[in-house]
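In what follows, a structure is listed as structure tokens, so that the remarks can point back to it.
Naming: A, B, ... by sequence-line order, numbering from 1 per chain.
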Number of protein chains: 2
Amino acid sequence: MPEVRVDLVLLSLRQPGLKVLLDLATSGQAWALPGCQLGNRQSLQQAAWDCLRETTGGSQAYLEQLYTYGDPERVAGLRTISCVYLGLLRSDGLAQGTETRRWHDPAHPPRLMHDHKAILKYALTRLRYKLEYTAVGFELLPQTFTLTELQGTYEAVLGEDLDKRNFRRRILRAGVIEPMKSYRSGEGRPARLYRYRDDAVAEVKARRLFP
Amino acid sequence: MPEVRVDLVLLSLRQPGLKVLLDLATSGQAWALPGCQLGNRQSLQQAAWDCLRETTGGSQAYLEQLYTYGDPERVAGLRTISCVYLGLLRSDGLAQGTETRRWHDPAHPPRLMHDHKAILKYALTRLRYKLEYTAVGFELLPQTFTLTELQGTYEAVLGEDLDKRNFRRRILRAGVIEPMKSYRSGEGRPARLYRYRDDAVAEVKARRLFP
DNA sequence: AGAATAGTGTCTCTCAGACATTATTTG
DNA sequence: CAAATAATGTCTGAGAGACACTATTCT
């Protein structure tokens, strides 16, 4: 009869860089991954989505089960199993920060409760691997984006610079995005907008984009 | 206060082919993945290992957390969260079958309880992917093996034939196994024995062996 | 005109995939 | 010496990675 919870590692791309959403614990002394207790008639997936909706108000997102933590010592005083989901939020329509809920740099998080620091670290590792062999990078962007923005996403997550021409070649050859007719104007030459093909996401699953 | 269990998908290579270890349910009508309830002071990992030891008597093995299932309807009448581990057993020192515990063909399993059929299917998919980008294939073999045996393992799991020369080239270039001085004699020309380098397993994690 | 950003092509090198023959042992 | 299995090399095509210049728009 342990307590079963669902916790979320919610990542999004804000300028500047990749961020993780954290809640200030009631003690006010440490931060924690947002999460909630598993309801009696809820599936884990459902609990994760419900929790996401409560947390962000319901922006579009991608969620996947990351890992389940169950060490008896991980939460002091209360036997707690935590099924952790990794969530990627589009950078449009993002929840703003409040006093007790803020976006933090995942590479240098504040003091975190329980084993949440390790969980966060693992989530980032997983995301990097995932980015290398799936097309999941789009989940962090608005529905339409320029190739430069997409490349910036990959660079932010992978933490390294990528070659512009090689990046474009690979991502276009992969066939997961398609050009739209519109352009985004800015300071210099307007950039073509792209969107990703929902129907292509599954198809790419097995292929590795960035070896 | 749901019940939390650990269930195991234990795979091993027996002649002929890949097998999964299943328990006959007390009803005698269906089979189930071996598993046990999570102890009050046990971590999930620990529970999985303990359960493995009880089930197989303790042959060497590889275990990793696969997925956690928590649908409220998955076990009739009792809210059950099941944290499933994938286990690979070396083919030496294998537990023999008994009346209520047997090795089955995972591709054509008998009638399984609850959602265990879906779990098994997912485990096989994961194993195939994993085999493609890690060196996990060795975990299914005795500690020393010939290249032909290793290739056979890959073929059994992937369900397709591989070219002998290409297989050898790749697996040797990957640097995860090393030749020993001994040979295994049999019907024809004796085959060189290899063992895998434990220290290399981590190193290969990120690389993809079989694209 | 100048600043800013978008967009494009080539070469080299590594590696995957296809493919057939020789080498060593046992009976 | 016949049967069985182990071991080995080459060619081709695809794609990764390195690299620098032209194109378009805004001010």
Side-chain angles (χ1 to χ4, degrees), chain A residues 15-16 128-129 131-135 137 141-142 144-156 158-195 204 206-211, chain B residues 15-16 128-129 131-135 137 141-142 144-156 158-195 204 206-211:
Chain A
Q15 288 331 313
R128 283 191 198 107
Y129 281 134
L131 209 58
E132 285 175 355
Y133 65 89
T134 69
L141 284 173
T144 70
F145 48 84
T146 68
L147 289 182
T148 301
E149 290 165 346
L150 182 59
Q151 183 177 344
T153 305
Y154 276 78
E155 289 174 337
L158 297 176
E160 59 180 316
D161 288 347
L162 300 172
D163 180 84
K164 194 179 192 171
R165 285 161 292 183
N166 294 339
F167 178 82
R168 283 164 191 239
R169 179 165 19 99
R170 280 179 302 187
I171 206 77
L172 290 174
R173 175 145 49 200
V176 288
I177 61 178
E178 57 186 10
M180 309 197 341
K181 302 210 166 145
S182 40
Y183 290 82
R184 170 167 306 163
S185 296
E187 286 208 46
R189 172 174 170 179
R192 175 144 228 148
L193 286 169
Y194 288 78
R195 66 174 165 211
V204 185
R207 295 190 316 219
R208 161 166 281 206
L209 259 59
F210 293 84
Chain B
Q15 290 328 319
R128 282 190 198 108
Y129 281 135
L131 210 58
E132 285 175 357
Y133 65 85
T134 69
L141 282 175
T144 69
F145 48 83
T146 68
L147 289 181
T148 302
E149 290 166 345
L150 183 59
Q151 182 176 345
T153 304
Y154 275 78
E155 289 174 336
L158 296 175
E160 60 181 313
D161 289 345
L162 300 172
D163 180 84
K164 192 176 193 175
R165 284 161 293 184
N166 295 339
F167 178 82
R168 285 165 188 238
R169 179 166 17 100
R170 280 179 302 186
I171 206 80
L172 290 175
R173 175 145 48 202
V176 288
I177 61 178
E178 56 186 11
M180 308 197 340
K181 301 210 166 145
S182 40
Y183 289 82
R184 169 167 306 163
S185 296
E187 288 207 46
R189 171 175 171 179
R192 173 146 229 148
L193 286 169
Y194 288 78
R195 66 173 164 212
V204 185
R207 297 192 314 223
R208 163 166 279 205
L209 259 60
F210 293 86

side-chain hydrogen bond (donor to acceptor under 3.5 Å, both in side chains) involving A:Ser185 - partner list, sequence neighbours excluded: none
Side-chain donor/acceptor contact of A:Arg169 with base of D:dG17 under 3.5 Å: yes
Residue list, side-chain hydrogen bond (donor to acceptor under 3.5 Å, both in side chains) with A:Arg192, at least two apart or on another chain: A:Tyr183
B:Thr153: side-chain hydrogen bond (donor to acceptor under 3.5 Å, both in side chains) partners, not counting sequence neighbours: none
Touch class at under 4.0 angstrom, heavy-atom based, for B:Thr146 against every strand present: nothing
Worked check of side chain to side chain contact (heavy atoms under 4.5 Å, CB included) between B:Leu150 and B:Tyr194: CA-CA 9 Å; B:Leu150 183 59; B:Tyr194 288 78; over 6 Å; no
Atom pairs under 3.5 Å, N or O on each side, protein against nucleotides 25-27 of chain C: can you list them with distances?
from, atom 1, to, atom 2, distance (Å)
C:dT26, O4', B:Glu187, O, 3.4

Distance, rounded to the nearest Å, where B:Tyr183 contributes OH and C:dA23 contributes C1': 12 Å
Side chain of B:Asp163 - closest among D:dA6, C:dT8, C:dC19: C:dC19
Contacts of type side chain to side chain contact (heavy atoms under 4.5 Å, CB included), residue B:Arg169, not counting sequence neighbours: B:Asn166, B:Arg173
Protein-nucleotide distance (A:Glu160, atom CD; D:dA16, atom C1'), rounded to Å: 13 Å
Gap between atoms OH and P, on A:Tyr194 and C:dA6 respectively (whole Å): 12 Å
N/O (side chain, B:Arg168) to phosphate O (OP1/OP2, D:dA7) under 4.0 Å: yes
d(CZ, A:Arg165; C1', C:dG7) in whole Å: 10 Å
Selected nucleotide, minimal atom distance to B:Arg192 side chain, candidates D:dA7, C:dC19, C:dA6: D:dA7
Whole-Å gap separating C1' (C:dG9) and CZ (A:Phe167): 18 Å
Atom pair distance, as rounded to whole Å: CG in B:Leu158 and P in C:dG17: 12 Å
Under-4.0 Å side-chain N/O to phosphate OP1/OP2 contact, A:Arg173 with D:dG15: yes
Where at least one partner belongs to residues 177-191 of chain B, residue pairs that pass salt bridge (charged side-chain N to carboxylate O under 4.0 Å, His left out), sequence neighbours excluded: B:Glu149-B:Arg184, B:Glu178-B:Arg195
Rounded distance in Å - CG (A:Asn166) to C1' (D:dA14): 14 Å
Heavy-atom closest pair, residues B:Arg168 and B:Thr148: NH2-OG1, 3.4 Å
Nucleotide D:dG15, atom P - distance to CZ of A:Arg170 in whole Å: 13 Å
